[in-house]
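Below: one structure, written as C-alpha cells.
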Amino acid sequence: MFSLLLIAFAAAPVSQGYVPNEYVDPDTGHRVVRLTRAPGEYTSFYFHQNPFTVGGDKMVCTGVQDGRNWLLAIDMKTYAMDRLCECQDAGHVIVAPKRREVFHLRGETILATHIDTKETREIGKISPEWVHGAGFTVNSDETLLAGTFADGIAEWFKKPRGEWFGGIHGAHLPNGLYTVEIATGKINVFYRENEWLTHIQFSPTDPGALSFCHEGPWEKVQRIWVIRADGTGLKAIHERTMENEIAGHEFWDPSGRMLWFDLQTPAWKNFSLAGADVQSGKETRYPLNPDHWSFHYNIAPDGSMFCGDGGASQHGRDALTNGIYLYRPKDGSVEPEMLCRLTGHDYALEPCVHFTPDSRWVVFRSNMHGRQLVYAVEVAKAADKTVPHADKSHVANFYPFMQEYADTRPVKLSYLSKEWPDRDAWAAQGRAKMSELLAYHPDPAPAGAEILETTQKTGYVRYRVRFHVTADRTTEAFLLIPDGLKGPAPAVIALHDHGAFYYYGKEKICETENPLPVLKEHIDSSYGGRPYADELARHGFVVLAPDAFYFGSQRIEAEQLSQVYAEPMKGLAPGSNEYVEKHKALAGRQEEIIAKTLFDAGTTWPGVLFQGDRAAVDYLVTRPEVDANRIGCIGLSIGGFRSAHLFALDPRIKVGVVAGWMTTYGSLVYDHLHFHTWMIFVPGQLDWLDLPDVVTLNAPRPLMVVDCLQDVLFTHEGMRAAEKKIGDVYTRMGAPDHFACRYDDVPHSFNPPAQDAAIAWLERWLKDTGAN
C-alpha cells in the first residue's frame, strides 16, 4: 500500500510454462486476455502513469526478454509486441499520447522514443542524485515533464525497505519539484521543502497544475497537495479528522476538477473511495465494504466508473476475494463487481489497474500464473459464444512430450529456414513435398461439365453446373457471370466453410431463393447475413463456388448408411428443415470413420479437398468469360484453410484471401484441437512446412489474412506468430506490401466489413495493378 514509483524488473529465471492467452473467469463471466504473450516477465505502468497512445491503439509496458530490460509497445488489437529500446529505470516512464512518444531515463539522460518509428532522441539531463526521485509526468499540452528529487536519498535506498521507508520520512532531506521543457530540455526547480516528495502528477486538463504527495507512513503525513508549475497555488487536499486516519494513492478525475483517493477513517476500519474538488475542497465519499477495498483505484476516461486492484490477505482480507474490481457510482455509493479473481496472486506485486482509453478494458499486472505478466479484463460480460480455455491440457499428462515434439520440428522447407538462392526452385520443392504428404493422386479426368440450371439475378447470371473432379466423382458449383462483360474478366474461386454443417456447400456463400431457416441462421452468424460470392459478382468478378468433398452435392447420403447409423433420419422428408438439422449431427458423427478410412486407404482428407479445388480451377479456366491470368481465391474457416492451400499449391492463383484459418500448428496442441475437424490433418507435415510456410509458397503474390480476435478455434499467439512468419517471408522477398493481415474483434466469422476489405484487396491486385 505504501509503494513508490520504484518498479523492479524480475532478475531470476522464471518458468516459461503454459499460461492461457485468454479465458472467461468461471466465477465472474468476464473475459481475461493476456497482453504479453512472448517469453519473459513484464510490468505494466504504475496506476497513475499513462501507458496509452491517443485512441488506445498502442500500450507501452516494460519487460525482461533475453536477460535484458526493454520498453515494449503492445498493439491492443493484435497483441503483437515490439521492442522499442532498452530501458534502465521503469519508474521514470510516461507516454505522451498525442506525441506518441514514451519519455524515460537512461542514466541521467532524459530520452524520448517514438512508439511507431522507434527513433530515440535526447531531451536533456538531470542531476545524478535526481534519478532516485519520482516521475515522470507529462502535462496536458505535452510541453512539460515533471519530477521530484531528494538530496541524499540514494544512501537510504541501500538499506532494507523496512528501514528506509520510515527513515527517509524522518530524515527531512532537502526535496524539490522540477519541470523539464520538452522542446529545449531546460530544467526549472519550482518548489523546495524538507519533506519527502513523490507521486507527482500533472492535471489531465490544466497544463500548469500538478498534484504531489508527502511520502512516508500515511498516518504521519499530510499526504495530498496541489501546486502550479510556477510554484504558486500550494494547497493541501483533505485534512485529517482523527487519529490514525489515512488518505492516499491519489489520482486525477479526467475532468481535472477533482482528485480521488483511498480514505480510511481510521486505517483498516472504515473504507471509502473519496474525491476532493481541487478548488472548493468539497469532498465526495463512497463508502466501501472492507471485502471490496483495493490497494489502488482508477477512473474510466469517460468518468462513469472506477476500477480497483483488490487487497491482500496479510491485511486481513480473505485471499479468495482478491481480484480486479469495478465500482459504479449509484445513489451516493458505489456498486462493486469483481471482474476477475487473482487466485494465486502474490500481492507483493501490486496489480496497478488502468482503464483503456475506450473504457472497455481494465489492464493490470499479475503473477497469478507464476510469471509476472500483463493482462486485461473486459468490463462487459463475455458473449455466450466465448469459450473459456481449459485450465489443463486436453491431452492431460501426454501434453509435455507432444508439445515438445511439435516445438522441435525442423520445418526444413520454410523459406526462413535458410537462404534459398532460387525462389521458384524452393516453391517447386515445397509443392512437391506437400503433394507427397497429401498422398492423393487420382488419374486426371476431363471436366465433362454441364449446366443444370440458369437463374438471372440482378446484375449477373447464376448457373448451377456439374463437372468431374476425378473419373469417378463429380461435384456441383454455382458459377456467377456478371452482366455486360466486354471480354475475359478476373475470376475468383469462392470456397465455402465447414461450420459443422454438411448438407450445404455452395449455398452457404451464395444467395438462394427461399433458404431454409437453418441455412439462413448459418449465413447470419458466419457472414453477417451477406453471402459474399454474390457481392464479388456485383463487383465484376466471375465467381465459381464449388461443393467440397463431404458437403452439398458430395455430402454423405444417410440412405446409404447402415440403419444403426441412419435411424435418426427415419421418416423425415429429405430437404426439410428437420432433415437438414438431423443430417448435421449424422455427418458430424461419421467424420471420424471417414477420416480413418481415408488414412487406411493410403490418402488424407486434405489431399482429397485440395485436389477437388484444383479441379475447380481446371473447369474455371475453360470458361470464355474468364481471364486465366487473373484468378484469385477466397474462403472462411475450412474455406480459408482450402484457400490457403489452393493459393500455395496452384500457380494459376494470383491473389489469395484466407479468412478465419491462419495459425501455427504447434499453438493448437494444448487445448485447441478439440474444436477442429478431421479434415485438416496431414501427418508428418511439421518436419517440412508449418501452415504459414505453406501459404508463402506462392509469395510474393498478394495475400490477405483475416483473423478474428474472439475466434475460439485458435490462440492469439498462434495467429500472431503466423502473421509474423508470413510477413517476414514477404519482407525478405522485397514485397512487404503484398501481404496484409486484418484483425476484427468478432467471433469466428467473415462479416461484411471484412468482406469489403477482402473485395478491395482482390480488386486492387486483379483489376487495378495485376498480380503476376
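Quick caveat: nothing in here was measured; it's all calculated off a predicted structure.
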Next on the checklist: If we check ring pair (Phe, Tyr, Trp, His ring centres under 6.0 Å) with Tyr297, which of these qualifies: Trp252, Tyr327, Phe251, Trp260?
Outcome noted: Tyr327
Item to check | Step-by-step side chain to side chain contact (heavy atoms under 4.5 Å, CB included) determination, Cys352 to Arg365 | outcome: CA-CA 7 Å; Cys352 287; Arg365 59 202 189 197; 3.3 Å; yes
Do [X] side-chain atoms and [Y] backbone N/O form a donor-acceptor pair below 3.5 Å?
X      : Y      : answer
Asp262 : Ala247 : no
Lys381 : Thr28  : yes
Thr109 : Gly107 : no
Thr137 : Phe202 : yes
Ser667 : Glu717 : no
Asp206 : Gly208 : yes
Asn367 : Gly370 : no
Ser272 : Ala274 : no
His30  : Ala380 : yes
Thr148 : Thr198 : no

Any side-chain heavy-atom pair of [X] and [Y] under 4.5 Å:
X      : Y      : result
Leu177 : Ile200 : yes
Lys118 : Arg83  : no
Asn322 : His345 : no
Leu709 : His716 : yes
Ser211 : Leu259 : yes
Pro254 : Asp302 : no
Phe355 : Cys307 : yes
Leu145 : Ile182 : yes

Kindly check if the number of other-residue, nucleotide or ligand heavy atoms within 6.0 Å of [atom1] ([X]) is above 12?
X      : atom1 : result
Lys724 : NZ    : no
Glu86  : CD    : yes
Arg257 : CZ    : no

Checklist entry - When you look at Asp141 and Lys98, which way does the salt bridge (Lys or Arg N to Asp or Glu O under 4.0 Å) test go after all the steps? => result CA-CA 9 Å; Asp141 64 8; Lys98 290 174 284 190; over 6 Å; no
Determine the minimum heavy-atom distance between [X] and [Y], stating which atoms define it.
X      : Y      : answer
Ser140 : Pro207 : OG-N, 3.2 Å
Leu210 : Arg228 : CD1-C, 4.1 Å
Ala758 : Phe750 : CB-CZ, 3.8 Å
Pro336 : His292 : CG-ND1, 3.2 Å
Trp761 : Met704 : NE1-N, 3.5 Å
Cys61  : Ile74  : SG-CD1, 3.9 Å

Is any side-chain N of the basic residue among [X] and [Y] closer than 4.0 Å to the acidic one's carboxylate O?
X      : Y      : answer
Asp27  : Arg341 : yes
Glu335 : Lys330 : yes
Arg360 : Asp745 : yes
Lys77  : Asp707 : no
Arg31  : Asp25  : no
Glu101 : Arg121 : yes

If I take atom [atom1] from residue [X] and atom [atom2] from residue [Y], how far apart are they, to the nearest 0.5 angstrom?
X      : Y      : atom1 : atom2 : result
Lys58  : Leu72  : NZ    : CG    : 12.0 Å
Leu273 : Trp293 : CG    : CH2   : 12.5 Å
Trp130 : His92  : CH2   : NE2   : 10.5 Å
Asp75  : Met81  : CG    : CE    : 11.5 Å
Asp277 : Ile237 : CG    : CD1   : 8.0 Å
Leu197 : Ile153 : CG    : CD1   : 9.5 Å

Is it true that [Y] and [X] share a donor-acceptor pair across their side chains at a distance under 3.5 Å?
X      : Y      : answer
Asp358 : Thr356 : yes
Glu250 : His199 : yes
Thr113 : His104 : yes
Glu723 : Tyr743 : yes
Asn298 : His354 : no

Next on the checklist: As a quick check of understanding, evaluate side chain to side chain contact (heavy atoms under 4.5 Å, CB included) for Phe739 and Thr731, giving each step before the final call.
Outcome noted: CA-CA 9 Å; Phe739 172 62; Thr731 297; over 6 Å; no
Checklist entry - What orientation do Tyr375 and His369 show, parallel under 30°, tilted 30 to 60°, or perpendicular over 60°? => result tilted
Checklist entry - Which class fits the ring pair His249 and Phe47: parallel under 30°, tilted 30 to 60°, perpendicular over 60°? => result perpendicular
Item to check | Full working for side chain to side chain contact (heavy atoms under 4.5 Å, CB included) between Trp70 and Leu84 | outcome: CA-CA 7 Å; Trp70 298 93; Leu84 300 178; over 6 Å; no
Item to check | Ring-ring centroid check Trp196 His214, cutoff 6.0 Å | outcome: no
Next on the checklist: Tell me if the centroids of the rings in His48 and Tyr46 come within less than 6.0 Å of each other.
Outcome noted: yes
Checklist entry - Given Phe136, which of Leu105, Val93, Val102 fulfils the side-chain contact (heavy atoms from CB on, under 4.5 Å) condition? => result Leu105
Next on the checklist: What verdict does the side chain to side chain contact (heavy atoms under 4.5 Å, CB included) test give for Phe364 and Leu342, after you've listed the backbone C-alpha separation in whole Å, the side-chain angles of each residue and the deciding distance to 0.1 Å?
Outcome noted: CA-CA 11 Å; Phe364 62 97; Leu342 299 186; 3.6 Å; yes
Item to check | The single option from Gln65, Gln372, Arg37 passing side-chain hydrogen bond (donor to acceptor under 3.5 Å, both in side chains) against Tyr42 | outcome: Gln65
